[in-house]
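Protein chains get the first letters and strands the later ones, always in sequence-line order, with residue 1 at the start of each.
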Protein chains: 2
Amino acid sequence: MRSLDENLISHIPPFRKLERVDIREILDAATPKRFSAGQAIFEEHEPAERFFLLLDGHVRVIRTTASGDQVIARHIVSGELMGIASAIGRTTYPASAVAIDDCLVLFWPTSLWKTFVEKYDGFATETYKTVGERISEANNHILELATQQVEQRVARALLRLAIQSSRITDEGMEIDFPLTRQNISEMTGTTLYTVSRLLSAWEKQGIVNSGRKKVIVTEMNKLKTLADLDPMADS
Amino acid sequence: MRSLDENLISHIPPFRKLERVDIREILDAATPKRFSAGQAIFEEHEPAERFFLLLDGHVRVIRTTASGDQVIARHIVSGELMGIASAIGRTTYPASAVAIDDCLVLFWPTSLWKTFVEKYDGFATETYKTVGERISEANNHILELATQQVEQRVARALLRLAIQSSRITDEGMEIDFPLTRQNISEMTGTTLYTVSRLLSAWEKQGIVNSGRKKVIVTEMNKLKTLADLDPMADS
DNA sequence: GGGGAAGTTTGTGCTAGAACAACCTATTCG
DNA sequence: CGAATAGGTTGTTCTAGCACAAACTTCCCC
């Protein structure tokens, strides 16, 4: 097997501060793997035997309730770590990860986590920062669900996706992975019908431009207004 | 000033595995402080200059939206660490902490965090486990807000409080700190009116027994049924 | 190229729960 | 002690958004 190119990961935050030899070691311990669209990378409740780095593609992190409802916790884009349950003293994955499109990942056995943290300077700090950011995100999500209207929540979700993972076209910012009304509803705690109505309305107002599994934000500013809009603002 | 007794913290998870000398060192570096009911221990957005250990009392962790709504993120009971933003690479507190009743806390300057993690074996593991638990809690909260009815959410919130922080009386499990309808609504993303109606209904069914700033769960099992109840179960 | 399947739109109820208002009761403190 | 205040209850109204149904569109693949 060919060995992996060092440039693959040298620019990614947790590894950025490392020496070339360290990166070499880390890559030599990694296993690369491809997942095709729709495949599960790991499943909720499964023992967390590996942690992953997404090199290419998009991944959805999903939780399912006892009654079968799904909630999309977050989206992972290339360059992000995932399945780092071990970092926070968990022995099982807290959610499932599913490849949205074709993905390329590297993974390591969880047993190496401790080594990475101890041996590679900056790795711990950077990954704990990631953990911190995810906590913040989760807390913001709670705040939104508890206090905002559906319209604002959907606006914010799209805004975040446009910023996090879109390509710029002549129409606007196109979210660069397939995204259905159903998916959006699972991110925002609403129904696919309501999302469809919102998108239709926004389309008429020229804020978005959407199609089958596709959303293009044409007017970021208008969407921002919707997202920030205080529900009481017109009183 | 009298030095603090080692038994104060020797049984608390992050310190449990430590030697007496280490505990001595840690205590000598700690500052004890009392807060009276209603006082803020730290505020959201403030630079995270200290981390705290709650020795006695109850603390509410609160986030506030731009539009002024409050959400109660969690309750801290004695023996828990709080303000550990530094653990996760944050420089400001992500939420405010308010003393519910009279509290006794120890605190250390954030600069010592790194020392604690490096020097005291088991401290890092235990605190990261705590962080992990809080992430799980947050994610569960999201799942609940996104998929469950208000009644279930309130039932679960009370159940959790009863388990986490109650004293057993002859009437049942009494939540051992003052808790208003408003507080409950801020934990569950609803209104104080709806909570009041639910509690009234439950009182009639003999599930709870509540009064001003007071809730006693008399029938845990019935409350559990309400909490687990699938909204579709009767179809 | 035609028949699914998957995704989307839109119409029509309908209801959980928010909003507001009014009143009541316990506590606190000058 | 008595007024002020904080907390609680309950009635009424109203609407955001869910539920369900039905038809339409796009894509895929045999």
Distance-only donor-acceptor test (3.5 Å): side chain R197(B), base dG8(D):
no
May I ask you to verify if any side-chain N or O of R181(A) is less than 4.0 angstrom from the OP1 or OP2 atom of dG7(C)?
no
If I take atom CG in residue L179(A) and atom C1' in nucleotide dA6(C), what distance separates them, rounded to the nearest angstrom?
15 Å
Presence of salt bridge, E203(A) and K222(A), under 4.0 angstrom:
no
What is the separation between atom CD on E203(A) and atom C1' on dT9(C), rounded to the nearest whole Å?
12 Å
Check: N140(B)/R156(B) side-chain N/O donor and acceptor closer than 3.5 Å:
no
T180(A), nearest nucleotide to its side chain (from dC20(D), dG7(C), dC20(C))
dG7(C)
Give the rounded distance in Å between these two atoms: CD1 of I100(B) and P of dG7(D).
13 Å
Ring pair (Phe, Tyr, Trp, His ring centres under 6.0 Å): pairs with one or both residues in residues 138-166 of chain B, sequence neighbours excluded:
none
Axis-to-axis angle for the helix from dG1(C)-dC30(D) to dG30(C)-dC1(D), ends of five pairs each, to 10°, equals 40°
By side chain to side chain contact (heavy atoms under 4.5 Å, CB included), S36(A) pairs with (sequence neighbours left out) Q39(A), D102(A)
Can you pull the side-chain hydrogen bond (donor to acceptor under 3.5 Å, both in side chains) pairs that have at least one residue in residues 71-80 of chain A, sequence neighbours excluded?
R60(A)-H75(A), R74(A)-E137(A)
Between P of dT10(D) and CG of L199(B), the distance in whole Å:
11 Å
List in chain and number order the residues that pass side chain to side chain contact (heavy atoms under 4.5 Å, CB included) with L8(A), two or more places apart in sequence or in another chain; answer none if no residue qualifies.
L4(A), L55(A)
Roughly how many Å is it from CG in L198(B) to P in dT9(D), rounded to a whole number?
11 Å
Specify the separation, in whole Å, of atom OH of Y193(A) and atom P of dT12(C).
16 Å
Quick tally for nucleotides 24-30 of chain D: nucleotides whose base has a protein heavy atom under 4.0 Å get B, sugar-phosphate-only ones S, the rest -, giving --BS---
By side chain to side chain donor-acceptor pair (under 3.5 Å), which residues pair with T180(B), not counting sequence neighbours?
N183(B)
Ignoring hydrogens and geometry beyond distance, is a side-chain donor-acceptor pair present between T92(A) and R90(A) at under 3.5 Å?
yes
d(NZ, K213(B); P, dT9(D)) in whole Å:
14 Å
Short heteroatom pairs, N/O only, protein and nucleotides 14-17 of chain D, under 3.5 Å:
| from | atom 1 | to | atom 2 | distance (Å) |
| --- | --- | --- | --- | --- |
| dG17(D) | OP1 | V150(A) | N | 2.8 |

Taken to the nearest whole Å, CD/Q182(A) to C1'/dC18(D) is 14 Å
Please identify each residue that fulfils side chain to side chain contact (heavy atoms under 4.5 Å, CB included) with V98(A), with sequence neighbours left out.
I62(A)
Enumerate the salt bridge (charged side-chain N to carboxylate O under 4.0 Å, His left out) contacts for residues 168-191 of chain A, please, sequence neighbours excluded, ordered by first and then second residue.
R167(A)-E174(A)
Partner residues of Q205(A) under the side chain to side chain contact (heavy atoms under 4.5 Å, CB included) criterion, sequence neighbours left out:
A201(A), W202(A), I207(A)
Can you give the donor-acceptor pairs under 3.5 Å from side chains of residues 41-53 of chain B to other protein atoms, not counting sequence neighbours?
| from | atom 1 | to | atom 2 | distance (Å) |
| --- | --- | --- | --- | --- |
| E43(B) | OE1 | S96(B) | OG | 3.4 |
| E44(B) | OE1 | T64(B) | N | 3.4 |
| E46(B) | OE1 | E43(B) | N | 3.3 |

Base, sugar-phosphate, or nothing: which does S200(B) touch, judged by heavy atoms less than 4.0 Å apart?
sugar-phosphate
